[in-house]
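Numbers here simply count residues along the sequence, with the first being 1.
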Amino acid sequence: MNLKEMFKKTTYVSIKDSRNVREMQSKPEVPKGLLKKCNVCKAAIIAEDVKNGYYICPKCHSYFRMHAYRRIEMIADDGSFEEWEQGLSSDNPLKYKGYEEKLKTLREKTNLDEAIIIGKASIHGSEAVIGVCDGRFMMASMGKVVGEKIARAVERATDLQFPVILFACSGGARMQEGIVSLMQMAKTSAALKRHSKAGQFYISVLTDPTTGGVTASFAMLGDIILAEPNALIGFAGPRVIEQTIGQKLPKGFQRSEFLLEHGFIDEIVEREKMKEVLSDILKLHEAGERVPCKGKRTEEAEIKNEIASAWDRVQISRMKDRPVGSDYLNILFTDFIELHGDRYFKDDKAIIGGVARFHGRPVTVIVQAKGKDTKENIERNFGMPSPEGYRKALRLMKQAEKFGRPVICLVDTPGAFCGLEAEERGQGEAIARNLFELSDLNVPILSIVIGEGGSGGALAMAVADEVWMLENSIYSILSPEGFASILWKDSKRAEEAAGVMKLTSKDLKELGIIEKIIPEPSHLTVYNLKEVVRKIECSIDDFLDHYEKMDVEALKNHRYERFRNM
């Protein structure tokens, strides 16, 4: 048989054996023969190339579904995986006709006891408990054994004080087990809650597909949630939704990219990069070795406040070439991993947040982000956060509290976004919730105003143990233009208003609103930003040393008294 005939035969058999041609056309299956026709790009590919290439089509980069053991080989260090709970298999709790026979057939065909593999492994030296669903076994639907294995894995991880990584791939709850299957949603969620209360870390990785009761339980409960590109992720399947609402769904609906945009996952990670990303995340949740500061501590004597009027400083704080939050982020911190979304509605790009190292120690960093040009300013809404931005910031701050990480906020906003949709989604409530929660957070908080500190939009990121300001930054109840418009009915008197408002760093230091002024050049740009960073990084080190040594109750009382006495 020549190569062409062999290709025709394998293609014909693949189509003939498929139970659902439409599904096969939308998602390729791992080839068993020599050749395979990718059902996305239609290219002929060699099966061995797929196996050696992370089960990805070498032509169009679409993903094939993977066996659980193959995935473990890809992410675990060689020889490090120790499988747990082998031999645990399902019975027939509802006495559903034909179910036991189906399970027996699948066990023989797949060499799996059930639809998930659990165990312990290391990833570039970082130990973790791992669970990987295998779609070959009843589409990795969650029956009582899947739920039991996940619960046991999480409980052992809690006892061992290990992080948990679960790779979801599932059609949801297992229909043949009915209400018993439904209860696994509660069981797995309860186990993860205990793991979380013990201060332990959980990464959820969503692969294609993750749907139904799995989505509505353990899959969406990660401290960090990652997803593979273009994975189908949702509660109700797209066909069910279309039949229910009588409408065609938009392209990309319920895919990973859709969930990232709507704030439900932290990042999309390509399969070939997954091991490195998991390793980086795990290491950021391990104690780091502190790196001594080699810079210079900020000295108040260096401040030259007389060089500009209040209005001059307003203008300087708004200069187009003034460094923005991302510039500080790149210089002050290392190993930064950005996390996305508020888990409710959206990922607000006016807030950048994530985990990083500062001089070797893990910290949570949250930045109000203006853009560097018009296009980026539009993307970041000119640094004006929506409710989703404040909720994302709060989510990351509460996560920092759980893992005992200090929080460093960089404040630079003309104010919270005041559009119609912001009001519809609760701008006031989102800001109020931040003030409420930050006042009692169990870890040190440092906020630095690097440009504009506009109204409650800035305060929502500045309920801190200390607030510092760059010399030419401003911090005020609202903009001078708004102040003049409200009190004098004339926004043109903004320059006069700036002098009245006491919004400069010098004014606010004298009022006891801030603790430190950071000297800066008369014209601060990205080209001389390192001069400023060198002046503050050792001061940040001192701040962290001081407040991390404080008892939790003493820390919270200090923060309370700071604002109580204003």
Side-chain angles (χ1 to χ4, degrees), residues 260-263 310-330 338 340-342 345-354 365-394 396 409-428 430-431 434 447-462 469-470 472-486 491-492 494-495 497-498 501 503 520 523-526 529:
L260 182 64
E261 180 184 349
H262 286 81
W311 182 245
D312 289 333
R313 295 192 192 279
V314 171
Q315 300 298 94
I316 293 170
S317 74
R318 297 172 174 175
M319 289 182 72
K320 292 182 179 179
D321 60 351
R322 188 174 178 85
V324 296
S326 58
D327 296 317
Y328 291 84
L329 187 59
N330 294 333
E338 184 174 1
H340 296 271
D342 65 344
F345 179 76
K346 186 182 176 183
D347 180 46
D348 184 356
K349 294 184 179 179
I351 298 284
I352 300 173
V365 187
I366 302 173
V367 176
Q368 289 178 322
K370 292 180 178 177
K372 297 181 180 182
D373 52 37
T374 302
K375 181 180 178 181
E376 190 180 354
N377 260 320
I378 292 171
E379 183 182 26
R380 299 197 182 279
N381 201 31
F382 294 86
M384 296 183 290
S386 296
E388 301 79 49
Y390 293 112
R391 289 172 181 141
K392 172 167 71 171
L394 182 58
L396 297 179
C409 298
L410 302 181
V411 177
D412 187 12
T413 181
F417 182 55
C418 58
L420 172 65
E421 59 270 36
E423 293 299 317
E424 289 176 335
R425 297 197 294 272
Q427 185 71 287
I431 292 172
N434 276 32
S447 293
I448 306 175
V449 184
I450 60 173
E452 292 182 274
S455 192
L459 182 62
M461 301 268 289
M469 290 178 66
L470 263 69
N472 289 321
S473 60
I474 60 171
Y475 191 12
S476 60
I477 189 170
L478 79 170
S479 69
E481 292 86 350
F483 185 96
S485 180
I486 289 173
S491 61
K492 294 180 181 178
E495 182 173 352
M501 293 171 71
L503 48 64
E520 61 174 279
H523 185 190
L524 177 61
T525 70
V526 292
L529 178 59

Legend entry - Separation between CD1 of I366 and CD1 of I352, rounded to the nearest 0.5 Å: 11.5 Å
Inset, instruction - Locate the shortest heavy-atom distance separating P414 from M384; write the atom from each residue and the value. - result: CG-CG, 3.6 Å
Legend entry - Taking every non-hydrogen atom, the tightest pair across V411 and G453: CG1-CA, 4.3 Å
Inset, instruction - Report yes if some heavy atom in the side chain of P323 is under 4.5 Å from a heavy atom in the side chain of I450; otherwise report no. - result: no
Inset, instruction - Report yes if the side chains of S479 and E452 come closer than 4.5 Å at any heavy-atom pair, otherwise no. - result: no
Legend entry - Heavy-atom check, side chain of H523 versus side chain of D321, under 4.5 Å: yes
Inset, instruction - Can you measure from CZ (F483) to CG (L478) and round to the nearest 0.5 angstrom? - result: 7.5 Å
Legend entry - Side chains of N472 and L524 in contact at under 4.5 Å (non-hydrogen atoms): no
Legend entry - For the student: nearest non-hydrogen atoms of G415 and P385, plus distance: O-CD, 4.0 Å
Legend entry - Nearest atoms (heavy-atom pairs only) where V324 meets G371: CG1-O, 3.8 Å
Inset, instruction - Flag the pair D327 and K372 as a salt bridge only when some basic side-chain nitrogen lies within less than 4.0 angstrom of an acidic carboxylate oxygen. - result: yes
Legend entry - From CD1 (I431) to CG (L394), nearest 0.5 Å: 12.5 Å
Legend entry - Note: D348-K392 ion pair, threshold 4.0 Å (strictly below): no
Inset, instruction - Would you mind reporting whether C418 and Q427 have side-chain heavy atoms less than 4.5 Å apart? - result: no
Inset, instruction - Any chance you could measure R380, atom CZ, to Q368, atom CD, to the nearest 0.5 Å? - result: 12.5 Å
Legend entry - Spacing of NE2 belonging to H262 relative to CZ belonging to F345, to within rounding of 0.5 Å: 6.0 Å
Legend entry - Ion pair check, R322 and E520, cut-off under 4.0 Å: yes
Legend entry - Backbone of G457 reached by a side-chain donor or acceptor of Y390 within 3.5 Å: yes
Legend entry - Donor-acceptor contact present, side-chain T413 to main-chain G383, <3.5 Å: yes
Inset, instruction - Flag the pair E388 / D347 as yes when at least one side-chain heavy-atom distance between them is below 4.5 Å, and no otherwise. - result: no
Inset, instruction - Taking the side chain as every heavy atom from C-beta outward, state whether S476 and V314 have any pair of such atoms under 4.5 Å apart. - result: no
Legend entry - Exam field: side chain S447 to backbone M461, donor-acceptor pair closer than 3.5 Å: yes
Legend entry - Heavy-atom check, side chain of M501 versus side chain of P480, under 4.5 Å: yes
Legend entry - Residue pair I474 / V449: nearest heavy atoms and the distance that separates them: O-CG1, 3.5 Å
Legend entry - Rounded distance [0.5 Å steps], OG1 in T374 versus NZ in K320: 6.5 Å
Inset, instruction - Would you name the heavy atoms of A494 and A484 that are closest together and state the gap between them? - result: N-CB, 4.1 Å
